[in-house]
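Just below is one structure, and these are the notes that go with it.
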Amino acid sequence: MELLKDRIIKDGTALSETVLKVDQFLNHQIDPVLMVEIGKEFKTRFEGVKIDKILTLESSGIAPSVMTGLELGVPVIFARKRKSLTLTDGLLTADVYSYTKQETNNIAVAEKFIQPGDNVLIIDDFLANGEAANALIHIVTKAGAAVAGVGIVIEKSFQKGGKELREAGHHVESLARIASLGAGEIKFMDEVRN
Ligand code: G4P
Ligand code: NA
Ligand code: NA
């Protein structure tokens, strides 16, 4: 998605060889106009795919998910990051391991929001090692629902998440795919041979 890639070049900062800061439009300040375009792009990318609802993870997945839900006319559910590990009644839960924080967090969705037979599109802001996406897939599967696809705003293709999800047979659509990050340099996948 050219508009997004242009914006990443303009406002994104490579903090290291692995971390891209995009708090000007996605992770802290949000650009609603860009989010509307992201919603339209996901609609196009998943044309012909049956989608009953969208599942994301708070907080940065919510904005692109809501705009996509608006385009598709379907509800959006966000998994909550849980503070308490007790009281799991009526909840679908999964663990998410964070490589950066080196800690495991539990996320949860109320069972009533994902029903057997639902076709669920998973959306998130970043795809790195795939921990969050896999936890959301786990929740959908536990509910007896089907994963319609995985929509990612920014995929860091040099980390293993995207490759593993595609190898597992998921329909993954990433609106920008980063090949590498360096000092003051952001390279996209379609600009490098691989
Ligand atoms: P890791 O695989 O790269 O170690 O990432 P980790 O699981 O630790 O993810 C920690 C948070 O950082 C997640 O958001 C994830 O989406 C996000 N993230 C991963 N890589 C990048 C990156 O290169 N740049 C930015 N800006 N974020 C990245 P979160 O904690 O769930 O936060 P939020 O959704 O509330 O914003
Ligand atoms: Na996130
Ligand atoms: Na984030």
Side-chain angles (χ1 to χ4, degrees), residues 1-46 54-65 67-68 79 81 94-105 107 121-138 147 149-194:
M1 182 182 179
E2 291 307 313
L3 186 69
L4 174 63
K5 285 161 60 182
D6 290 348
R7 190 58 179 273
I8 291 170
I9 293 299
K10 179 171 168 273
D11 285 335
T13 312
L15 286 187
S16 67
E17 284 177 7
T18 54
V19 179
L20 176 67
K21 194 172 168 90
V22 286
D23 64 353
Q24 289 284 335
F25 58 92
L26 183 60
N27 288 142
H28 197 358
Q29 175 169 258
I30 294 170
D31 180 349
V33 176
L34 179 64
M35 291 305 134
V36 168
E37 294 306 318
I38 284 172
K40 289 178 182 165
E41 181 72 16
F42 276 132
K43 183 185 183 181
T44 303
R45 300 275 190 116
F46 289 102
I54 293 169
L55 176 64
T56 189
L57 178 57
E58 65 171 337
S59 56
S60 297
I62 295 176
S65 296
M67 293 309 179
T68 308
K81 293 171 182 165
D95 284 334
V96 185
Y97 178 72
S98 167
Y99 290 86
T100 37
K101 294 170 196 153
Q102 296 199 6
E103 62 182 28
T104 300
N105 286 296
I107 64 169
L121 174 64
I122 290 167
I123 288 184
D124 208 359
D125 59 336
F126 269 92
L127 176 60
N129 289 302
E131 285 285 330
N134 279 313
L136 294 172
I137 288 168
H138 186 70
V147 177
V150 180
I152 299 295
V153 180
I154 302 174
E155 173 182 335
K156 295 190 289 181
S157 300
F158 53 87
Q159 291 180 278
K160 65 179 169 50
K163 185 169 184 281
E164 286 184 355
L165 289 174
R166 290 180 180 96
E167 281 174 2
H170 292 292
H171 177 179
V172 182
E173 292 287 347
S174 301
L175 306 189
R177 299 183 73 197
I178 310 279
S180 67
L181 295 170
E185 187 190 70
I186 300 165
K187 279 209 179 87
F188 294 101
M189 279 300 271
D190 33 340
E191 290 154 14
V192 296
R193 289 163 195 270
N194 64 312

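Atoms considered below: every heavy atom in the structure, side chains included; atoms not considered: hydrogens, waters and symmetry mates.
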Problem - Test item: Lys81 side-chain N/O and Asn105 main-chain N/O as donor-acceptor pair under 3.5 Å - result: no
Exercise for the section: Report yes if some heavy atom in the side chain of Ile137 is under 4.5 Å from a heavy atom in the side chain of Asn134; otherwise report no. Expected result: yes
Handout entry: side-chain hydrogen bond (donor to acceptor under 3.5 Å, both in side chains) against Ser98, all qualifying residues, sequence neighbours excluded
Key = Thr100
Practice task
Can you see which heavy atom on Leu20 is nearest to which on Ala14, and at what distance?
Solution key: CD1-N, 4.2 Å
Exercise for the section: Keeping to residues at least two apart or across chains, list the salt bridge (charged side-chain N to carboxylate O under 4.0 Å, His left out) pairs with something in residues 8-20. Expected result: Arg7-Asp11
Problem - Summary of ring-ring contact (aromatic ring centres under 6.0 Å, His included) pairs that have at least one residue in residues 4-30, sequence neighbours excluded - result: none
Problem - Residues forming a side-chain hydrogen bond (donor to acceptor under 3.5 Å, both in side chains) with Lys40, sequence neighbours excluded - result: none
Problem - Which atom of Leu121 lies closest to which atom of Gly151, heavy atoms considered - result: CD1-N, 4.2 Å
Fill in the blank from the handout: The reported gap from CE in Met67 to CD1 in Ile54 (rounded to nearest 0.5 angstrom) is 11.5 Å
Completion exercise
When every non-hydrogen atom of Ser65 is compared with those of Gly61, the smallest separation belongs to OG-O, 2.7 Å
Problem - Atom pair CD1/NE2 of Ile122 and His170 - distance to nearest 0.5 Å - result: 7.5 Å
Fill in the blank from the handout: Rounding to 0.5 Å, atoms OG1 (Thr56) and CD (Glu58) come to a distance of 10.0 Å
Problem - Test log, rule side-chain contact (heavy atoms from CB on, under 4.5 Å), inputs Glu37 and Leu4 - result: CA-CA 9 Å; Glu37 294 306 318; Leu4 174 63; over 6 Å; no
Completion exercise
Heavy-atom nearest pair, Asn27 first then Ser60, reads ND2-OG, 3.0 Å
Practice task
Return the minimal non-hydrogen interatomic distance between Ala128 and Lys156, and the atom names on each side.
Solution key: CB-CE, 3.8 Å
Exercise for the section: Any chance you could measure Leu136, atom CG, to Glu131, atom CD, to the nearest 0.5 Å? Expected result: 11.5 Å
Handout entry: Heavy-atom side-chain proximity of Thr13 to Gln24 below 4.5 angstrom
Key = no
Practice task
Could you please spell out the steps behind the side-chain contact (heavy atoms from CB on, under 4.5 Å) verdict for Leu165 and Leu127?
Solution key: CA-CA 10 Å; Leu165 289 174; Leu127 176 60; 4.0 Å; yes
Handout entry: Heavy-atom side-chain proximity of Asp190 to Lys5 below 4.5 angstrom
Key = yes
Fill in the blank from the handout: One should read off an interatomic distance between Phe126 CZ and Leu26 CG, to the nearest 0.5 angstrom, of 6.5 Å
Exercise for the section: Check whether any side-chain heavy atom of Val19 lies under 4.5 Å from a side-chain heavy atom of Leu181, and answer yes or no. Expected result: no
Exercise for the section: Could you tell me the separation between the CE atom of Met1 and the CD1 atom of Ile154, rounded to the nearest 0.5 Å? Expected result: 11.0 Å
Completion exercise
Hits for side-chain hydrogen bond (donor to acceptor under 3.5 Å, both in side chains) against Gln102, two or more places apart or cross-chain, chain-then-number order -> none
Exercise for the section: Using the test side-chain hydrogen bond (donor to acceptor under 3.5 Å, both in side chains), find all partners of Asn129 that sit at least two apart in sequence or belong to another chain. Expected result: none
Completion exercise
Nearest heavy-atom contact between Tyr97 and Thr104 is CD1-OG1, 3.5 Å
Handout entry: Heavy-atom neighbours of Lys160 NZ exceed 12 at 6.0 Å
Key = yes
Exercise for the section: Please tell me if the side chains of Thr68 and Phe46 come closer than 4.5 Å, counting only heavy atoms from C-beta onward. Expected result: no
